[in-house]
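Heads up: the structure comes next, in structure tokens.
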There are 2 protein chains.
Amino acid sequence: MKKITIGEAARRSGVKVPTVRYYESIGLLAAPSRSEGNQRSFEPADISRLTFIRHARELGFEIEAIRTLLTLQDDPHQSCASADAIAKARLVEVEQRIRSLMALKAELETMVEGCGHGRVDQCRVIEVLADHGQCTHSHH
Amino acid sequence: MKKITIGEAARRSGVKVPTVRYYESIGLLAAPSRSEGNQRSFEPADISRLTFIRHARELGFEIEAIRTLLTLQDDPHQSCASADAIAKARLVEVEQRIRSLMALKAELETMVEGCGHGRVDQCRVIEVLADHGQCTHSHH
DNA sequence: CTTGCACCTCTAGTCGCTAGAGGATGTAGG
DNA sequence: CCTACATCCTCTAGCGACTAGAGGTGCAAG
């Protein structure tokens, strides 16, 4: 059997080398076997697991949520209600974040458009920050 | 002159008490004078500065960007080109973040809609995470 | 055999706060 | 004046999810 080094595992999964070690240290990834010279030797299943983690992180799931998703994956006879709930909760978070960022975008556009590119004392950017009451938008 | 305690300053600016002390510790806010009993005594100008910082933080500006914006505010004869550049950079960031989150939203919706609420081994949530190639969207 | 890269462990740093310990001060009521 | 209680003080440590660096070992090619 070919030995998969940590560098190889990192390349195949898209997770950085120190991050792989970090995931092992927090128990998200089982400690792999070691070579004679004490170097980690990964299995193909570890690559899948790392890839799973990377995708979930890219989707913004927190480590603890991923831990739960992984235990679900490890036991496929369970109901997927938990996985569904986690994904739905994340969807709600993302939707809220988008709404909030759209408001920020509008506010930043007002600031930038209003800037006459002159001196600071006429600058709308500074002005809006100093007195939020002048801002046409409200996001609280 | 009435003395403004840290609690009062916090209430008026909307910045929490420990955060006010934190801003002082990193030099974002000048250290205020102290009462006989060593308690901080703020000026109205400090409240304005804290309010400015809070607005900027709400808009997602980083502390170092705020530090720059504050030095610009302190010297109103400067060109506002820097302020303009900072705000524009922030706008670009926000726009990118929104695009990225919209892609995530679509992906999460696919996952959640595809979930048959059955067992984990038929769950689309887990499936998509395990093999990103099955995902209809791409965001890289 | 030596060069040089990849690997090892460990600690500390990042950002922007937040929590808590343990003690001092200020104020209102009795 | 005394007591209760809120608020203040400093200091250290913790959060999440890594990232950087020091100082050392393993390994494969030339």
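To find a chain, count down the sequence lines: A is the first, B the second, and so on, and within it residues start at 1. Computed from a predicted model, the values in this text were never measured in an experiment.
Chain A approaches DNA chain C over the interval C/dC7 to C/dT9, counting the first and last nucleotide 5' to 3' with an atom under 4.0 Å from its heavy atoms.
When rounded to the nearest whole Å, the span between CZ of A/R54 and P of D/dA17 equals 17 Å. What separates CD of B/E8 from P of D/dT7 is a distance of 12 Å, to the nearest Å.
Contact check of residues 13-36 of chain A against DNA chain C (heavy atom, cut-off under 4.0 Å) returns A/R21, A/R34.
Between B/Q39 and B/I63, it is B/I63 whose nearest contact on DNA chain C lies nearer the 5' terminus.
For the OP1/OP2 pair of D/dC9 and a distance below 4.0 Å, the side-chain nitrogens and oxygens of B/R40 include at least one atom meeting the criterion.
Every residue meeting the side chain to side chain contact (heavy atoms under 4.5 Å, CB included) condition with B/D75, not counting sequence neighbours, appears here in chain and number order: B/H77, B/Q78. Residues passing the side chain to side chain contact (heavy atoms under 4.5 Å, CB included) test with B/A10 are B/V17, sequence neighbours excluded. Listed by chain and number, the residues in a side chain to side chain donor-acceptor pair (under 3.5 Å) with A/R11 are A/E8 (sequence neighbours excluded). When the side chain to side chain donor-acceptor pair (under 3.5 Å) test is applied to A/E95, no partner is found at least two apart in sequence or on another chain. Listed by chain and residue number, B/V15, B/I47, B/L50, B/T51 satisfy the side chain to side chain contact (heavy atoms under 4.5 Å, CB included) test with B/S13 (two or more places apart in sequence, or in another chain). With sequence neighbours excluded, the residues forming a side chain to side chain donor-acceptor pair (under 3.5 Å) with B/R67 are B/E64, listed by chain and number.
In B/E62, the CD atom is not crowded: 12 or fewer heavy atoms of neighbouring residues, nucleotides or ligands sit closer than 6.0 Å.
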Distance-only donor-acceptor pairs under 3.5 Å for side chains of residues 19-31 of chain B, two or more places apart:
residue, atom, partner, partner atom, Å
B/E24, OE1, B/R40, NE, 2.7
B/S25, OG, B/Y22, O, 2.7

